[in-house]
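The block underneath contains the structure these notes are about, expressed in structure tokens.
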Amino acid sequence: MPTKKPRAGHKNPLLVPGVHRFGRSAMYHKRGMFIKRNLKTVQRTTAKKPVFVEKPLGGAQNGQKRLVQVKKSKRYHPTAIGKIRRVVQRPSVIRRNRLRGTLKPGTILILVAGRHAGKRVVLLRQLESGLLLVTGPFKLNGVPLRRVNQQFVIATSTRLDLSKVKVPENLNDTYFRRDKKALRKQRQQQEGEIFASVKGGYTLTETRKKDQGELDKQILSVVKTGKDKKVLLKYLASPFSLRSGQYPHRMKF
């Protein structure tokens, strides 16, 4: 039967599986267990704090002294110990995300996610929340004024000159927020009606339509004044797609 080689530095090597070189008594002396046996552990004594303290009292009928408990116990105890909810204090300052170097006003972007994924849009500016304000324009590809995260966007090398385009200041984060109270009232009215067949959804406001139309006119005038106006109009209207043999990490947008 093949024997295992004794490990270097091992105090009790294995000669045969189950048989060691030194016995139990030899290892007892070899490890110095007899010295450890006689050692006594020194116990640290700490002075105990008193539970009660004597305090003097005024008045002849009060007994002049009274024992007062140092650490008073709680009067009321919970019947069941529940989970403690921690309140996280978040700073009120909104941190604006840094834009990538390729993202500048006027650059044509390709949307990667969302209902308009694959469509090309024009970057107008960055909002206070860090989101990007983009538009199709709506007349070309059906993409309205939207807020998009820069993570879901591919920046292309084509860029429009938006120096003459005036983007209104009211196009901010509050502009895109929906009125939750009005939506709740609408839902309550629909739930109250028994024979309501069609549920009312989001309705576009007139101000939204007006702002969209004005911005579309300005951007289309910039596109038409350029040299490659026919190519740009087709470029913005056509969606982005990959064919067989095309790899996005090798492409230059």
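Keep in mind that this is a model prediction, so the values were computed, not measured.
- Sorted by first and then second residue, the side-chain hydrogen bond (donor to acceptor under 3.5 Å, both in side chains) pairs with a member in residues 135-151 read T135-Q212, R147-D173; sequence neighbours excluded.
- The NZ atom of K229 sits 8.5 Å away from the NZ atom of K224 when rounded to the nearest 0.5 Å.
- With a 4.5 Å cut-off on side-chain heavy atoms, L232 and L160 count as touching.
- Rounding to the nearest 0.5 angstrom, the gap separating the NZ atom in K11 from the CZ atom in R21 is 14.5 Å.
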Q: Kindly determine whether V122 and V134 satisfy side-chain contact (heavy atoms from CB on, under 4.5 Å), including the steps that lead there.
A: CA-CA 6 Å; V122 181; V134 297; over 6 Å; no

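- The two residues H116 and G142 make their nearest non-hydrogen contact at CE1-O, 3.6 Å.
- Not a single donor-acceptor pair under 3.5 Å links the side chain of K119 to the backbone N or O of I110.
- In plain terms, the two heavy atoms of F138 and P144 that are nearest each other are CD1-N, 3.8 Å.
- Cluster membership check: I108 does not share its hydrophobic cluster with V112, using side-chain heavy-atom separations under 4.5 Å among Ile, Leu, Val, Met, Phe, Trp and Tyr.
- Taking every heavy atom of both residues into account, T102 and A155 meet most closely at OG1-CB, 3.6 Å.
- A donor-acceptor distance shorter than 3.5 angstrom exists from the side chain of S157 to the backbone of F253, with no hydrogens or angles considered.
- Note that CZ of R208 and NZ of K210 are 15.5 Å apart. Values are rounded to the nearest 0.5 Å.
- A donor-acceptor pair is defined here as one N or O able to donate and one able to accept, closer than 3.5 Å; such a pair exists between the side chain of Q218 and the backbone of K166.
- No side-chain heavy atom of L127 sits less than 4.5 Å from a side-chain heavy atom of L171.
- Residues K71 and Q69 approach most closely at O-NE2, 3.3 Å, considering heavy atoms.
- Taking the ring axis of F240 as reference, the NZ or CZ atom of R120 does not stay both within 45° of it and closer than 6.0 Å to the ring centre.
- For the residue pair R100 and V153, the shortest heavy atom distance occurs at NH2-O, 3.2 Å.
- A 4.5 Å side-chain heavy-atom check between L132 and V121 finds every atom pair outside the cut-off.
- In this structure, the side chain of N12 does not engage the main chain of M27 through any donor-acceptor pair within 3.5 Å.
- Atom CD of Q64 has 12 or fewer heavy atoms from other residues, nucleotides or ligands within 6.0 Å.
- At least one side-chain heavy atom of R125 sits less than 4.5 Å from a side-chain heavy atom of L133.
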Q: Kindly indicate, with the supporting measurements, whether the criterion side-chain contact (heavy atoms from CB on, under 4.5 Å) is fulfilled by F176 and L131.
A: CA-CA 12 Å; F176 292 96; L131 299 173; over 6 Å; no

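- Between atom CG of residue L162 and atom CD1 of residue I219 there is a gap of 6.5 Å, rounded to the nearest 0.5 Å.
- For K104, the side chain to side chain contact (heavy atoms under 4.5 Å, CB included) test picks out T107, R159, with sequence neighbours left out.
- A 4.5 Å side-chain heavy-atom check between V19 and L14 finds every atom pair outside the cut-off.
- Interatomic distance, CD of E128 versus CG of N172, reported as 7.0 Å (0.5 Å rounding).
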Q: Decide yes or no on side-chain contact (heavy atoms from CB on, under 4.5 Å) for L124 and L145, but give the supporting numbers first.
A: CA-CA 10 Å; L124 300 174; L145 284 162; 3.8 Å; yes

Q | Residues T158, Y235; criterion side-chain contact (heavy atoms from CB on, under 4.5 Å); working and verdict | A | CA-CA 10 Å; T158 52; Y235 181 69; 3.7 Å; yes

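- Taking 4.5 Å as the limit, every side-chain heavy atom of V68 sits out of range of all side-chain heavy atoms of V53.
- For Y175, the side chain to side chain donor-acceptor pair (under 3.5 Å) partners are D211, not counting sequence neighbours.
- Closest approach of D216 to P137, counting heavy atoms only: OD1-CB, 3.2 Å.
- At a threshold of 4.5 Å between non-hydrogen side-chain atoms, the residues K55 and R66 do not count as touching.
- Here the CD1 atom belonging to I154 is positioned 11.5 Å from the CG atom belonging to L103, to the nearest 0.5 angstrom.
- In this structure the side chain of V223 reaches within 4.5 angstrom of the side chain of L236, judged on heavy atoms.
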